[in-house]
There are 2 protein chains.
Amino acid sequence: MSDAEIDRIFQALADATRRDIIRQVMRTEQSVSTLAGNYQMSFAAVQKHIAVLERASLVGKERRGREQIVHGNPEALRRAARLLDAYGDIWRQRADRIGDILSESPKE
Amino acid sequence: MSDAEIDRIFQALADATRRDIIRQVMRTEQSVSTLAGNYQMSFAAVQKHIAVLERASLVGKERRGREQIVHGNPEALRRAARLLDAYGDIWRQRADRIGDILSESPKE
DNA sequence: CTCATGTACAACCATTTGGTTGTAGGTTAG
DNA sequence: CTAACCTACAACCAAATGGTTGTACATGAG
(Lines give C-alpha, C1' and ligand atoms only; values in the text may rest on other atoms or scores of the structure.)
Protein backbone atom coordinates (compact mmCIF):
# COMPACT_ATOMS: atom_id res chain seq x y z
CA MET A 1 0.00 0.00 0.00
CA SER A 2 1.68 3.17 -1.20
CA ASP A 3 2.12 6.36 0.77
CA ALA A 4 -0.12 8.15 -1.71
CA GLU A 5 -2.88 5.60 -1.16
CA ILE A 6 -2.65 5.94 2.59
CA ASP A 7 -2.64 9.72 2.25
CA ARG A 8 -5.86 9.56 0.26
CA ILE A 9 -7.58 7.31 2.77
CA PHE A 10 -6.74 9.41 5.82
CA GLN A 11 -7.50 12.55 3.85
CA ALA A 12 -10.90 11.17 2.95
CA LEU A 13 -11.61 10.42 6.61
CA ALA A 14 -10.61 13.88 7.80
CA ASP A 15 -14.07 15.36 7.25
CA ALA A 16 -17.20 14.65 9.28
CA THR A 17 -19.53 14.84 6.28
CA ARG A 18 -17.48 12.25 4.43
CA ARG A 19 -17.32 9.97 7.44
CA ASP A 20 -21.08 10.23 7.63
CA ILE A 21 -21.50 9.42 3.95
CA ILE A 22 -19.42 6.30 4.43
CA ARG A 23 -21.60 5.24 7.35
CA GLN A 24 -24.72 5.80 5.32
CA VAL A 25 -23.72 3.91 2.21
CA MET A 26 -22.29 1.03 4.23
CA ARG A 27 -25.67 0.59 5.84
CA THR A 28 -27.65 1.05 2.62
CA GLU A 29 -26.53 1.97 -0.84
CA GLN A 30 -28.08 5.26 -1.88
CA SER A 31 -28.37 7.57 -4.86
CA VAL A 32 -26.28 10.72 -4.93
CA SER A 33 -29.30 12.99 -4.58
CA THR A 34 -30.74 10.96 -1.70
CA LEU A 35 -27.43 11.34 0.06
CA ALA A 36 -27.27 15.03 -0.76
CA GLY A 37 -30.67 15.48 0.86
CA ASN A 38 -29.15 14.64 4.26
CA TYR A 39 -26.85 17.63 4.38
CA GLN A 40 -27.19 21.40 4.44
CA MET A 41 -24.72 22.01 1.65
CA SER A 42 -25.38 22.12 -2.07
CA PHE A 43 -25.75 19.08 -4.27
CA ALA A 44 -22.45 19.85 -5.99
CA ALA A 45 -20.64 19.99 -2.66
CA VAL A 46 -21.85 16.51 -1.78
CA GLN A 47 -20.82 15.32 -5.23
CA LYS A 48 -17.31 16.55 -4.48
CA HIS A 49 -17.20 14.75 -1.15
CA ILE A 50 -18.24 11.56 -2.88
CA ALA A 51 -15.52 12.14 -5.44
CA VAL A 52 -12.94 12.33 -2.64
CA LEU A 53 -14.19 9.04 -1.22
CA GLU A 54 -14.04 7.51 -4.68
CA ARG A 55 -10.47 8.70 -5.20
CA ALA A 56 -9.60 6.84 -2.00
CA SER A 57 -11.65 3.99 -3.46
CA LEU A 58 -13.63 3.66 -0.25
CA VAL A 59 -16.88 3.89 -2.18
CA GLY A 60 -17.96 3.18 -5.74
CA LYS A 61 -20.75 4.39 -7.96
CA GLU A 62 -23.01 2.31 -10.13
CA ARG A 63 -25.46 3.75 -12.63
CA ARG A 64 -28.96 2.41 -12.14
CA GLY A 65 -31.55 3.95 -14.39
CA ARG A 66 -31.16 7.68 -14.22
CA GLU A 67 -29.76 7.54 -10.73
CA GLN A 68 -26.20 6.93 -9.64
CA ILE A 69 -26.03 4.54 -6.70
CA VAL A 70 -23.19 4.96 -4.20
CA HIS A 71 -22.06 1.88 -2.32
CA GLY A 72 -19.22 1.01 0.01
CA ASN A 73 -16.30 -0.83 -1.54
CA PRO A 74 -15.91 -4.01 0.58
CA GLU A 75 -12.44 -4.86 -0.66
CA ALA A 76 -11.03 -1.38 -0.05
CA LEU A 77 -12.83 -1.07 3.27
CA ARG A 78 -11.29 -4.30 4.46
CA ARG A 79 -7.84 -3.11 3.42
CA ALA A 80 -8.43 0.21 5.14
CA ALA A 81 -9.65 -1.58 8.24
CA ARG A 82 -6.46 -3.60 8.34
CA LEU A 83 -4.42 -0.42 7.93
CA LEU A 84 -6.21 1.29 10.79
CA ASP A 85 -5.84 -1.76 12.99
CA ALA A 86 -2.14 -1.87 12.28
CA TYR A 87 -1.74 1.72 13.43
CA GLY A 88 -3.92 1.04 16.43
CA ASP A 89 -1.80 -1.91 17.47
CA ILE A 90 1.52 -0.15 17.10
CA TRP A 91 0.32 2.88 18.98
CA ARG A 92 -1.13 0.94 21.83
CA GLN A 93 2.07 -1.04 22.11
CA ARG A 94 4.28 2.03 22.12
CA ALA A 95 1.96 4.00 24.33
CA ASP A 96 2.07 1.24 26.90
CA ARG A 97 5.83 1.22 26.85
CA ILE A 98 6.44 4.92 27.15
CA GLY A 99 5.15 4.92 30.69
CA ASP A 100 7.24 1.89 31.64
CA ILE A 101 10.47 2.86 30.00
CA LEU A 102 12.02 4.28 33.14
CA SER A 103 10.97 1.59 35.59
CA GLU A 104 11.34 -1.54 33.48
CA SER A 105 14.49 -3.12 32.12
CA PRO A 106 14.90 -1.84 28.57
CA LYS A 107 14.45 -4.98 26.48
CA GLU A 108 15.27 -4.84 22.71
CA MET B 1 -14.61 12.58 21.10
CA SER B 2 -15.79 15.51 19.02
CA ASP B 3 -15.95 15.66 15.24
CA ALA B 4 -13.33 18.39 15.27
CA GLU B 5 -10.97 16.21 17.29
CA ILE B 6 -11.41 13.31 14.91
CA ASP B 7 -10.92 15.64 11.96
CA ARG B 8 -7.62 16.80 13.41
CA ILE B 9 -6.38 13.27 14.01
CA PHE B 10 -7.13 11.98 10.52
CA GLN B 11 -5.86 15.21 9.05
CA ALA B 12 -2.60 14.78 10.93
CA LEU B 13 -2.25 11.26 9.59
CA ALA B 14 -2.87 12.26 5.98
CA ASP B 15 0.77 13.07 5.30
CA ALA B 16 3.63 10.61 4.98
CA THR B 17 6.17 12.91 6.63
CA ARG B 18 3.94 13.31 9.68
CA ARG B 19 3.30 9.58 9.89
CA ASP B 20 7.04 9.09 9.85
CA ILE B 21 7.61 11.66 12.57
CA ILE B 22 5.12 9.84 14.76
CA ARG B 23 6.93 6.56 14.18
CA GLN B 24 10.24 8.15 15.05
CA VAL B 25 9.21 9.83 18.27
CA MET B 26 7.31 6.79 19.46
CA ARG B 27 10.49 4.78 19.19
CA THR B 28 12.72 7.46 20.71
CA GLU B 29 11.95 10.98 21.77
CA GLN B 30 13.96 13.43 19.70
CA SER B 31 14.74 17.10 19.46
CA VAL B 32 13.08 19.13 16.73
CA SER B 33 16.33 19.70 14.86
CA THR B 34 17.33 16.05 15.06
CA LEU B 35 13.98 15.18 13.52
CA ALA B 36 14.34 17.89 10.90
CA GLY B 37 17.65 16.35 9.88
CA ASN B 38 15.83 13.27 8.60
CA TYR B 39 13.93 15.06 5.88
CA GLN B 40 14.73 17.02 2.75
CA MET B 41 12.53 19.97 3.58
CA SER B 42 13.45 23.04 5.59
CA PHE B 43 13.58 23.20 9.37
CA ALA B 44 10.52 25.45 9.44
CA ALA B 45 8.52 22.97 7.36
CA VAL B 46 9.23 20.21 9.86
CA GLN B 47 8.29 22.57 12.66
CA LYS B 48 4.92 23.04 10.99
CA HIS B 49 4.37 19.32 10.64
CA ILE B 50 5.10 18.90 14.32
CA ALA B 51 2.65 21.70 15.08
CA VAL B 52 -0.06 19.79 13.19
CA LEU B 53 0.67 16.68 15.23
CA GLU B 54 0.56 18.74 18.39
CA ARG B 55 -2.79 20.27 17.46
CA ALA B 56 -4.11 16.72 17.16
CA SER B 57 -2.34 16.13 20.50
CA LEU B 58 -0.65 13.03 19.12
CA VAL B 59 2.74 14.35 20.23
CA GLY B 60 3.93 16.78 22.86
CA LYS B 61 7.02 18.93 23.28
CA GLU B 62 9.13 19.34 26.36
CA ARG B 63 11.90 21.89 26.73
CA ARG B 64 15.15 20.31 27.81
CA GLY B 65 18.05 22.72 27.97
CA ARG B 66 18.09 24.62 24.73
CA GLU B 67 16.50 21.78 22.83
CA GLN B 68 12.85 21.01 22.48
CA ILE B 69 12.17 17.29 22.81
CA VAL B 70 9.25 15.80 20.90
CA HIS B 71 7.62 12.73 22.37
CA GLY B 72 4.53 10.65 21.59
CA ASN B 73 1.53 11.33 23.78
CA PRO B 74 0.59 7.89 25.22
CA GLU B 75 -2.87 8.90 26.37
CA ALA B 76 -3.86 10.46 23.02
CA LEU B 77 -2.26 7.63 21.07
CA ARG B 78 -4.28 5.10 23.00
CA ARG B 79 -7.48 7.04 22.35
CA ALA B 80 -6.59 7.34 18.66
CA ALA B 81 -5.83 3.64 18.51
CA ARG B 82 -9.25 2.87 19.92
CA LEU B 83 -10.82 5.19 17.37
CA LEU B 84 -9.03 3.52 14.49
CA ASP B 85 -9.93 0.08 15.79
CA ALA B 86 -13.57 1.07 16.01
CA TYR B 87 -13.57 2.13 12.38
CA GLY B 88 -11.71 -1.00 11.43
CA ASP B 89 -14.27 -3.20 13.15
CA ILE B 90 -17.30 -1.51 11.69
CA TRP B 91 -15.86 -1.57 8.22
CA ARG B 92 -14.88 -5.17 8.35
CA GLN B 93 -18.31 -6.08 9.63
CA ARG B 94 -20.11 -4.11 6.94
CA ALA B 95 -17.73 -5.18 4.23
CA ASP B 96 -18.35 -8.79 5.10
CA ARG B 97 -22.08 -8.29 4.89
CA ILE B 98 -22.22 -6.45 1.61
CA GLY B 99 -21.17 -9.54 -0.24
CA ASP B 100 -23.73 -11.69 1.57
CA ILE B 101 -26.66 -9.33 1.39
CA LEU B 102 -28.17 -10.93 -1.68
CA SER B 103 -27.83 -14.54 -0.63
CA GLU B 104 -28.74 -14.26 3.04
CA SER B 105 -32.09 -13.41 4.56
CA PRO B 106 -32.14 -9.67 5.14
CA LYS B 107 -32.24 -9.34 8.91
CA GLU B 108 -32.88 -5.91 10.52
C1' DC C 1 31.58 37.74 27.07
C1' DT C 2 31.01 35.84 22.59
C1' DC C 3 29.58 32.75 19.34
C1' DA C 4 27.25 28.86 17.55
C1' DT C 5 23.15 26.20 18.18
C1' DG C 6 18.17 25.37 18.57
C1' DT C 7 13.89 27.30 18.20
C1' DA C 8 10.02 30.36 17.15
C1' DC C 9 7.58 33.04 14.10
C1' DA C 10 6.30 36.27 10.38
C1' DA C 11 5.73 37.03 5.55
C1' DC C 12 5.19 35.29 1.35
C1' DC C 13 3.78 31.97 -2.43
C1' DA C 14 1.52 28.15 -5.08
C1' DT C 15 -1.71 24.63 -4.69
C1' DT C 16 -5.52 22.26 -2.68
C1' DT C 17 -9.87 22.24 -0.29
C1' DG C 18 -14.59 23.04 0.55
C1' DG C 19 -17.96 25.58 -0.75
C1' DT C 20 -20.98 28.24 -4.14
C1' DT C 21 -23.83 29.10 -8.65
C1' DG C 22 -24.81 28.17 -13.25
C1' DT C 23 -25.08 25.48 -17.42
C1' DA C 24 -25.72 21.42 -19.98
C1' DG C 25 -26.74 16.45 -20.91
C1' DG C 26 -29.21 12.05 -20.10
C1' DT C 27 -33.18 9.46 -18.62
C1' DT C 28 -37.67 8.54 -17.11
C1' DA C 29 -42.61 9.85 -16.38
C1' DG C 30 -46.92 11.32 -18.39
C1' DC D 1 -42.88 14.86 -27.34
C1' DT D 2 -42.30 17.53 -23.26
C1' DA D 3 -41.41 18.34 -18.74
C1' DA D 4 -39.27 17.01 -14.56
C1' DC D 5 -35.50 14.86 -12.41
C1' DC D 6 -30.65 13.26 -11.60
C1' DT D 7 -26.18 14.04 -12.56
C1' DA D 8 -21.84 16.03 -14.37
C1' DC D 9 -18.88 19.70 -14.70
C1' DA D 10 -16.98 24.37 -15.26
C1' DA D 11 -15.97 28.77 -13.17
C1' DC D 12 -15.36 31.19 -9.34
C1' DC D 13 -14.10 32.29 -4.35
C1' DA D 14 -12.23 32.22 0.46
C1' DA D 15 -9.57 29.76 3.43
C1' DA D 16 -6.33 26.18 4.59
C1' DT D 17 -1.95 23.47 3.34
C1' DG D 18 2.69 22.76 2.57
C1' DG D 19 6.40 24.78 1.43
C1' DT D 20 10.01 28.67 1.35
C1' DT D 21 13.26 32.53 3.31
C1' DG D 22 14.43 35.74 6.70
C1' DT D 23 14.63 37.66 11.26
C1' DA D 24 14.81 37.50 16.22
C1' DC D 25 15.66 35.43 20.58
C1' DA D 26 17.33 32.01 24.22
C1' DT D 27 20.61 29.08 25.86
C1' DG D 28 24.78 26.45 26.34
C1' DA D 29 29.85 25.94 24.99
C1' DG D 30 34.43 27.81 25.21
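Below, chains carry the letters A, B, ... as their sequence lines are ordered, and counting in each starts from 1. Hydrogens, waters and symmetry mates are skipped; everything else that's a heavy atom, side chains included, is used.
- Looking at residues two or more places apart in sequence or on another chain, you find a side chain to side chain contact (heavy atoms under 4.5 Å, CB included) between B:S2 and B:A4, B:E5.
- Looking at A:L35 and A:H49, their side chains never come closer than 4.5 Å, going by heavy atoms from C-beta outward.
- The distance between the ring centers of A:Y87 and A:F10 falls below 6.0 angstrom.
- Of the candidates C:dG6, C:dT20, D:dT7, C:dT20 carries the atom nearest the A:M41 side chain, counting heavy atoms from C-beta on.
- Nucleotides of DNA chain D nearest to A:Q68 and A:K48 differ in position, and the one nearer the 5' end is that of A:Q68.
- DNA chain C is contacted by both A:Q11 and A:A44; A:Q11 maps to the nucleotide lying nearer its 5′ end (nearest heavy atom per residue).
- The shortest distance between side-chain heavy atoms of B:N38 and B:Q30 falls below 4.5 Å.
- Residues of residues 50-62 of chain B that place a heavy atom closer than 4.0 Å to DNA chain D do not occur.
- Dashed line: the shortest gap from a side-chain N or O of A:S33 to OP1 or OP2 of D:dT7 is under 4.0 Å.
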Across nucleotides 24-30 of chain D, 5' to 3', mark each nucleotide with B, S or - according to how protein heavy atoms within less than 4.0 Å reach it. ---BBS-
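- Within the 4.0 Å cut-off from OP1 or OP2 of C:dG19, not a single side-chain nitrogen or oxygen of A:S42 is found.
- Within the 4.0 Å cut-off from OP1 or OP2 of D:dT17, not a single side-chain nitrogen or oxygen of B:H49 is found.
- Among the candidates A:V59, A:N73, A:I69, A:L53, the single residue satisfying the side-chain contact (heavy atoms from CB on, under 4.5 Å) test with A:V25 is A:V59.
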